[in-house]
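Remarks on the structure that follows.
Letters go in sequence order (proteins before strands), and every chain restarts at 1.
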Protein chains: 2
Amino acid sequence: MAGARPPPPASPTENNAMTQHEYELGEAELDVLRALWDGGPGTVREVMQHLPARRRGVAYTTVQTLLNRLETKGYVTSDKSDVAHVFRAKLTRERVRRARMKTLVGQLYDGAAGALALHLVKTQKLSRAEIAELHRLVEELDEDNPNT
Amino acid sequence: MAGARPPPPASPTENNAMTQHEYELGEAELDVLRALWDGGPGTVREVMQHLPARRRGVAYTTVQTLLNRLETKGYVTSDKSDVAHVFRAKLTRERVRRARMKTLVGQLYDGAAGALALHLVKTQKLSRAEIAELHRLVEELDEDNPNT
DNA sequence: GATATCCTCCGACAAATGTAGTAGGCTGCC
DNA sequence: GGCAGCCTACTACATTTGTCGGAGGATATC
């Protein structure tokens, strides 16, 4: 994004980024965050090792920049007591999931999460176990809501 | 995004954006596209009318620019036979849904769409109609995959 | 015919994002 | 003591995205 967009008014009560509900994360930033989630806290070099294949080959300093930006945004902290700083994710995967899901539902499903659920069931290849569970769930639902 | 990212190699067979699987759409661009989906084909001025409240107040030319960019990207076409061009969405909501969903699942759910689907079914309150449809879907699935 | 309108086209510009180079500081080892 | 390596801090720069303004053409209006 860019340009003359008025910054969100920043609620007076909560304002440290971790409490906001729209985590602004670029693609690369998210990949770095994911590396942190997957590999746990680590130095720049260690984080690099956990980057997804697609992101391999980026320069050391690129990852460093990304980590610093994430820290500035409040999504990551770092322990600087050692020479090589150790970065740790502050923002959880779950948080991002919820936020992203919410955005997606709002933008493309008119806020109807139910529709999304159906869409997924239609679209995705479910495993046998999943189908079985789904079957069970549907029966429960049918009972709770006995009609048609 | 930005910087020296090598452009995706552009498959030799298909290359007209509509067939690619990652629709690059900014927030504002998506809102404009949504306006087109909601209001059907229309002129810049008409599209403006269907923009979500949050986007009200943007300048006429902003919307115009957005529409033009969308056209350049191949997501929208325009009928220029009249003075005021009439824009029409080429990319469907469904397409974007699928792409976005796929990205989300890949980035934050380890590709486990099934789990996500189940989670949603469990979590969300489905309407009667949705439950009915789900029921139907499950039966289809059971047929395709006759076991348990 | 002169004006007010409305449109499109083009150019601009700031912020965010992706990517990386360079300078300079510690560490450790011969 | 000096050099090789690794690390951080800065700076830089191209693109994308969001936002517009102004020029100039077509229309409608009086």
Which heavy atom of A:Ala89 sits nearest to which heavy atom of A:Leu33, and what is that distance? CB-CD1, 4.0 Å
Side chain of A:Glu27: nearest nucleotide among C:dA20, D:dT19, C:dG18? C:dG18
Looking at A:Thr62, does any N or O in its side chain come under 4.0 Å of the phosphate oxygens OP1/OP2 on C:dA20? yes
Spacing between A:His85 atom NE2 and C:dC26 atom P, to the nearest angstrom: 12 Å
If I take atom CD in residue B:Glu24 and atom C1' in nucleotide C:dA16, what distance separates them, rounded to the nearest angstrom? 14 Å
Going by heavy atoms closer than 4.0 Å, what residues in residues 31-47 of chain B are next to DNA chain D? none
Whether B:Lys73 contacts D:dT17 is assessed here as follows: a side-chain N or O lying under 4.0 Å from the phosphate OP1 or OP2. Is that the case? yes
Quick one: which of C:dA20, D:dT19, D:dG22 gets closest to the side chain of B:Ala28? D:dT19
Length of the CG-C1' vector between A:Asp79 and D:dC7, whole Å: 15 Å
Can you tell me how far P of D:dC20 sits from CG of B:Asn68, to the nearest Å? 16 Å
Tell me what A:Gln64 touches on the nucleic acid: a base, only sugar-phosphate, or nothing, going by heavy atoms under 4.0 Å. base
Taking every non-hydrogen atom, the tightest pair across B:Arg100 and B:Leu30: NH2-CD2, 3.5 Å
Tested for side chain to side chain contact (heavy atoms under 4.5 Å, CB included) against B:Val47, the lone hit among B:Leu66, B:Leu36, B:Val76, B:Asp38 is B:Leu36
Taking B:Phe87 as the fixed residue, which of B:Val63, B:Val32, B:Asn68 is the one that meets the side chain to side chain contact (heavy atoms under 4.5 Å, CB included) rule? B:Asn68
Mind checking side-chain contact (heavy atoms from CB on, under 4.5 Å) for B:Arg69 and listing every partner two or more places apart, or none if nothing turns up? B:Glu29, B:Thr65
From D:dT17, D:dT8, D:dT19, pick the nucleotide closest to the side chain of B:Leu66? D:dT19
Between P of D:dT16 and OH of B:Tyr23, the distance in whole Å: 19 Å
Strictly below 4.0 Å: does B:Arg69 bring a side-chain N or O up to OP1 or OP2 of D:dG18? no
Just how far, in rounded Å, is P of C:dT17 from CZ of A:Arg55? 13 Å
Under-4.0 Å side-chain N/O to phosphate OP1/OP2 contact, B:Tyr60 with D:dC20: no
How far apart are the C-alpha atoms of A:Lys73 and A:Leu91, what are their side-chain angles, what is the distance that settles it, and do they pass the side chain to side chain contact (heavy atoms under 4.5 Å, CB included) test? CA-CA 10 Å; A:Lys73 293 183 178 181; A:Leu91 183 55; over 6 Å; no
Measuring from the side chain of B:Ala59 (C-beta onward, heavy atoms only), which nucleotide among D:dG18, D:dC20, D:dT27 has the closest atom? D:dC20
Nearest-Å distance, CZ (B:Arg56) to P (D:dT19)? 14 Å
Euclidean distance, atom CG of residue A:Leu30 to atom C1' of C:dA16 [Å, nearest integer]: 16 Å
Got a sec, which residues hit side-chain contact (heavy atoms from CB on, under 4.5 Å) with A:Thr43, two or more places apart in sequence or on another chain? A:Arg45, A:Glu46, A:Ala84, A:Val86
